[in-house]
Amino acid sequence: MKFLKQFSIILLISFLGEVLRYLIPFPIPASVYGLVLMLAALMSGILKVDQVKETSNFLIEIMPVMFIPAGVGLLTAWETLRPVCVPILVITVVTTVLVMAVTGKVTQLMIRFEKRGKK
């Protein structure tokens, strides 16, 4: 029964994200709205981590299974993807390295800023 209640809370927040996606005409996925709502509810204390913890952990554990259909879809579309495979791989590698570098620099700046503030 506990899992059903926790899953219902998560579904309700996801539904509210869908409603926001419908009402706000920005090109933002409903799942992002739902995540922002969940963050706001957790940070404001409206929702406690214990109220969704077990079901959240379960959903995170089974997440890799959710990628299987997408992987199979890519395999079935291989003939279409073959001509653009090299550019996609180059873009993926370059953007991954760029994101890692920017994240590292921002983290270093934040650590330096925090150390200066403590002095």
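We number each residue from 1, following the sequence as shown. Just so you know, these numbers use all the heavy atoms, side chains as well, and skip hydrogens, waters and symmetry mates.
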To the nearest 0.5 Å, tell me how far [X] [atom1] sits from [Y] [atom2].
| X | Y | atom1 | atom2 | result |
| --- | --- | --- | --- | --- |
| K2 | K53 | NZ | NZ | 10.5 Å |
| L12 | F7 | CG | CZ | 12.0 Å |
| S14 | L35 | OG | CG | 8.0 Å |
| I111 | T107 | CD1 | OG1 | 6.5 Å |

Subject >> Listed partners of V86 passing side chain to side chain contact (heavy atoms under 4.5 Å, CB included), at least two apart >> reply: V90
**OP:** Could you tell me whether the side chain of R112 reaches within less than 4.5 Å of the side chain of L109, counting heavy atoms only?
**Re:** yes
At their closest point, which heavy atom of [X] faces which heavy atom of [Y], and how far apart are they?
| X | Y | value |
| --- | --- | --- |
| T92 | I88 | OG1-O, 2.7 Å |
| V49 | L42 | N-CD2, 3.9 Å |
| W78 | C85 | CH2-SG, 3.9 Å |
| I10 | M38 | CG1-CE, 4.1 Å |

Original post:
V32, L47: one ILVMFWY side-chain cluster at the under-4.5 Å cut-off?
Top reply: yes
Subject >> Residue pairs, two or more places apart or on separate chains, that pass salt bridge (charged side-chain N to carboxylate O under 4.0 Å, His left out) and touch residues 90-100 >> reply: none
Subject >> Pairwise salt bridge (charged side-chain N to carboxylate O under 4.0 Å, His left out) hits with a residue in residues 67-92, at least two apart >> reply: E79-R82
Subject >> Test side-chain contact (heavy atoms from CB on, under 4.5 Å) applied to Q6 and L11, D50, T55, L59, the passing residue >> reply: T55
Can you list, pair by pair, the side-chain donor-acceptor contacts under 3.5 Å of residues 21-31, counting residues two or more places apart and other chains?
residue : atom : partner : partner atom : Å
R21     : NE   : I28     : O            : 3.2
R21     : NH1  : F26     : O            : 3.2

**OP:** Under 4.5 Å between side-chain heavy atoms, chaining through other members, with only Ile, Leu, Val, Met, Phe, Trp and Tyr counted: pull out the rest of the cluster around L98, sorted by chain and number.
**Re:** V102, V106, M110
Hey, can you pull the donor-acceptor pairs under 3.5 Å for the side chains in residues 66-77, sequence neighbours left out?
residue : atom : partner : partner atom : Å
T76     : OG1  : V72     : O            : 3.4
T76     : OG1  : G73     : O            : 2.8

